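Data first, discussion second: the structure below is written as structure tokens.
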Amino acid sequence: MQLGKPILYSYFRSSCSWRVRIALALKNIDYETVAINLTKDGGQQFSEEFQALNPMKQVPALKIDGITIGQSLAIIEYLEETRPTPRLLPRDPKKRAQVRMVSDLIASGIQPLQNLSVLKQVGQENQLTWAQQAITSGFNALEQILQSTAGRYCVGDEVSMADLCLAPQVANADRFKVDLTPYPTISRINKSLLALEAFHVSHPCRQPDTPPELRA
């Protein structure tokens with residue numbers, strides 16, 4: 001099935017790319033990285049070459065098994081279906097629904113509101129306030145949900161796709177100076193996740209395209 005080493009088109013700071021890097025690390029999949037700098041040259045994601053790969057002009061995109069997949073959750077679900085160890089979606093249908101609920105809340109309800117393309121639209125002077133409001137609104141709901149679903153991690157005691165979404169979003173919250181004090185469950189889970197090797201090696205401060213001043 002495998003046709004050469006998978007290629008991940010990624011940007012070090014992209015939270016969506018980080019989700020996929022965590023999945024690849026957890027599943028011990030060797031891959032190559034092609035850096036797509038979202039701010040250099042007017043945004044390398046707008047190049048004709050990259051648009052041919054992903055017409056949405058977004059990272060990540062993963063070339064694997066002879067196909068190219070965009071959208072981080074679709075990539076993670078494909079990896080789960082083709083390389084199911086370790087599991088990132090629980091066997092139990094109720095827990096699986098909870099994992100997808102948390103993942104979608106972050107991937108659809110928080111992250112897009114504070115990504116680069118949206119922040120450009122709201123104007124330089126409004127960006128920080130806008131991002132903080134988007135993240136705080138989402139975290140208010142997420143904290144409440146996690147209080148009923150969480151064990152050690154977002155849903156129970158096993159790392160799932162929900163956790164792959166959580167850690168990058170908390171990093172974004174830190175970057176936008178969001179006060180995490182009101183979110184003890186989110187903070188506790190994030191601390192546990194960042195102690196895991198897969199989250200460590202995939203971290204934005206340890207990528208091939210990480211600028212020297214931001215490296216760990």
Side-chain angles (χ1 to χ4, degrees), residues 1-93 95-97 99-108 111-112 115-117 154-155 158-169 193 196-204 206-210:
M1 190 178 192
Q2 181 64 26
L3 303 171
K5 191 183 287 189
I7 300 173
L8 178 65
Y9 296 81
S10 173
Y11 178 55
F12 80 100
R13 188 172 261 169
S14 158
S15 58
C16 302
S17 297
W18 189 7
R19 296 170 194 161
V20 174
R21 295 196 301 262
I22 299 166
L24 291 165
L26 283 168
K27 292 177 179 291
N28 200 27
I29 299 169
D30 190 23
Y31 66 97
E32 295 177 10
T33 298
V34 173
I36 303 295
N37 193 309
L38 303 187
T39 61
K40 189 178 178 182
D41 306 323
Q44 293 175 349
Q45 70 273 26
F46 300 118
S47 71
E48 287 186 16
E49 181 184 8
F50 187 71
Q51 283 188 59
L53 279 174
N54 187 357
M56 274 298 283
K57 298 166 277 192
Q58 295 173 338
V59 292
L62 182 68
K63 274 188 177 178
I64 189 168
D65 300 337
I67 63 170
T68 301
I69 313 170
Q71 301 299 326
S72 61
L73 298 192
I75 294 170
I76 293 166
E77 295 241 17
Y78 177 79
L79 295 176
E80 180 73 357
E81 290 168 359
T82 58
R83 296 150 175 87
T85 306
R87 294 187 66 86
L88 297 176
L89 289 168
R91 291 186 188 279
D92 177 74
K95 285 188 175 181
R96 195 158 63 240
V99 166
R100 288 185 166 128
M101 172 178 65
V102 172
S103 301
D104 284 340
L105 188 157
I106 296 169
S108 300
Q111 188 275 328
N115 71 8
L116 192 60
S117 62
C154 284
V155 178
E158 301 295 328
V159 173
S160 71
M161 182 168 69
D163 300 293
L164 276 58
C165 295
L166 182 80
Q169 185 54 59
L193 292 171
L196 301 175
E197 179 67 10
F199 288 75
H200 181 82
V201 299
S202 60
H203 194 280
R206 298 181 182 88
Q207 298 315 301
D209 59 326
T210 305

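The structure presented is a predicted model; accordingly, all values stated were derived computationally and were not measured.
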[atom2] on [Y] to [atom1] on [X], rounded to 0.5 Å:
X: R96; Y: R91; atom1: CZ; atom2: CZ; result: 9.5 Å
X: W18; Y: H203; atom1: CH2; atom2: NE2; result: 4.0 Å
X: Y11; Y: Q58; atom1: OH; atom2: CD; result: 15.0 Å
X: E197; Y: L26; atom1: CD; atom2: CG; result: 10.5 Å
X: S15; Y: L164; atom1: OG; atom2: CG; result: 12.0 Å
X: I64; Y: L24; atom1: CD1; atom2: CG; result: 7.0 Å

Below 4.5 Å, heavy atoms only, C-beta onward: do [X] and [Y] meet side chain to side chain?
X: R206; Y: V201; result: no
X: L38; Y: V59; result: yes
X: L53; Y: Y9; result: yes
X: L193; Y: I22; result: no
X: R83; Y: Y78; result: yes

Is it true that a side-chain atom of [X] and a backbone atom of [Y] form a donor plus acceptor pair closer than 3.5 Å?
X: D209; Y: F12; value: yes
X: R19; Y: P168; value: no
X: R100; Y: L89; value: no
X: Q111; Y: I106; value: no
X: S72; Y: V20; value: no

More than 12 heavy atoms of other residues, nucleotides or ligands under 6.0 Å from [atom1] of [X]: is that the case?
X: K27; atom1: NZ; result: yes
X: E158; atom1: CD; result: no
X: E80; atom1: CD; result: yes

Nearest non-hydrogen partners of [X] and [Y], listed with the distance:
X: F46; Y: G42; result: CD1-O, 3.3 Å
X: I76; Y: M161; result: CG2-SD, 3.7 Å
X: L73; Y: C165; result: CD2-SG, 3.7 Å
X: Q45; Y: I36; result: N-CG2, 3.6 Å
X: L88; Y: V99; result: O-CG1, 4.1 Å
X: P60; Y: I75; result: CG-CD1, 4.0 Å

Item to complete: For a side-chain hydrogen bond (donor to acceptor under 3.5 Å, both in side chains) with R21, tell me which candidate from S202, S10, S14 qualifies.
Response: S10
Worksheet item: Does the pair E32/K63 count as a salt bridge with the N-to-O cut at 4.0 Å?
Response: no
